[in-house]
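Because the structure is predicted, anything quoted here is derived from the model rather than measured. To find a chain, count down the sequence lines: A is the first, B the second, and so on, and within it residues start at 1.
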Amino acid sequence: MSLFSSAGFRSLPLPIGQLSLAAVLNCGQSFRWSCHPLACADSKSQASPNDTSNEYRLCLQDRVICVAQNNKELLYRAIFPQTPICEGSSAQALRDGETLSFIRDYFQLDQDLLKLYEVWGENDATFRNLKDRFSGLRMLRQDPWETLVSFICSANNNISRITKMVQNLGIHFSEPLALPSSQTNNQKYHPFPPPSALAPTSVADKLRELGFGYRAKFIQKTAEMLMEEHGSDAEIFKWLNSLRSRPTDEARAELLKLMGVGRKVADCILLMSLDKPEVVPVDTHVFQIAVKYYGFKGGSGSKLTMTPKLYDDITAKLVSIWGSYSGWAQTVLFTADLKAFANYNLPVAPSADQDTPVKRTISMLPTPSPSPSPKKRKRTSATASSALEVTSITTQESELLEDYGIQRRLRSRKVTSSVITSSNLSLSSGSPT
DNA sequence: TTATCACCTTAG
DNA sequence: TAAGGTGATA
């Protein structure tokens, strides 16, 4: 794609059914990506939830990650702070390798989403009715600290306000990167602030001024608690990351100690940043979905009250249907129920021989279809096959990565969820160190 | 174990 | 009044 390569993008072969950026980055998993129209000819196409003419950007600690896509490729690049002129090409190659490494990790490209959709569809008529309209919805593997703070913000809140709040955290508590203005249109990009920046008592007042409401205290207290417990940002990050290799229940219990973290928020953090793909956060949307499609009673009258026991019951039921990647399946149903996605356009299936996106309007979830009796239903064992492994990297890139030991690191990434069997990980588990 | 309430703010 | 809840109390 000359358009993309001229803009400095590198390409990764990836069917859009494996990842829809527009869906994934707007469905309330992450709140810090910004969307930029690509300066290309195609002005006739209006911005739509699945269009492929946008670039999405996320500011990390040392660079801005940029991604875009078409039907067959994921395009990626990074913008770096201005550095002394004398940088060699090997330094550039190293940074490219790091960027690719981040992309593969963050989007969890080792997971074959098409396979998961297939299995969920086989076992669940409700999912079957949605899967074609909401393809490419996968779980991100986000930074645990950012996820923790973002989801404390999510209590009693909506996506657009959460997004503003999280943006404000960056603007007011973290210095922007010194990026070349030529590449950023003078826009500022702030990394997510570390715990030490949010721990001072004065932060609570500041956050309140910024409209965080009662969550202001939760965020400051949680940051303070973690600083007291672990002493430094580095130790906090280390500890949070260590939760990835602990059993779900233990990791959840740790999170629940933090101020502003209840069961639902804890489960979001587990699912979205701590490698617990089976966890199903039950929010009001999922609760209503459970009532509408999976045989749960919504309390008496119009009031629907969530109790801990009901929460557990719903989780258990959904896991019995969707299996070990239930949290991933939940995201598809959740997104389908979002008003913002009511007019979601069907991404172009690579197999379909048409070049233009098919517009299809839907109005929320389809009507319930009779579900098989629980006893007759096959138990789902959503496997984690890795069809994308290696083949999604070009030879050149592969060599590049080997040069810097990045493939090795990728392969050895520990997938710790107890429900994943070793046979499912044949490719990604390569050589656990 | 479950049920209420207060809590910040905004959109519909 | 509800929005992707939590914490405190009964």
Can you figure out which of B:dA11, C:dG4, B:dC7 approaches the side chain of A:Phe151 most closely?
C:dG4
Provide the Watson-Crick or G-U wobble partner of B:dA11, both distances under 3.5 Å; none if there is no partner.
C:dT1
Between A:Arg208 and B:dC8, does any side-chain N or O lie under 4.0 Å from OP1 or OP2?
yes
When the P atoms of B:dC5 and C:dT1 are considered, how many whole Å apart are they?
13 Å
Is the cationic atom of A:Arg95 (NZ for Lys, CZ for Arg) positioned less than 6.0 Å from the six-membered ring centroid of A:Phe80 and within 45 degrees of its normal?
yes
Ignoring hydrogens and angles, answer whether the base of C:dG5 and the side-chain atoms of A:Tyr311 contain a donor-acceptor pair closer than 3.5 Å.
no
In terms of side-chain heavy atoms, does A:His36 have a donor or acceptor partner in A:Ser34 at a distance below 3.5 Å?
yes
Taking the inter-plane angle between the rings of A:Phe341 and A:Phe134 on a 0 to 90° scale, is it parallel (under 30°), tilted (30 to 60°) or perpendicular (over 60°)?
tilted
Counting any heavy atom closer than 4.0 Å, what does A:Cys153 reach on the DNA or RNA strands: base, sugar-phosphate only, or nothing?
nothing
Give a yes or no on whether the ring-centroid distance for A:Trp120 and A:Phe127 is below 6.0 angstrom.
yes
Is there a donor and acceptor pair, one atom on the side chain of A:Lys264 and one on the base of C:dG5, closer than 3.5 Å?
no
Answer yes or no: side-chain N or O of A:Arg161 and base N or O of B:dT9 forming a donor-acceptor pair under 3.5 Å.
yes
What nucleic acid atoms does A:Arg215 come within less than 4.0 Å of, heavy atoms only: base, sugar-phosphate, or nothing?
base
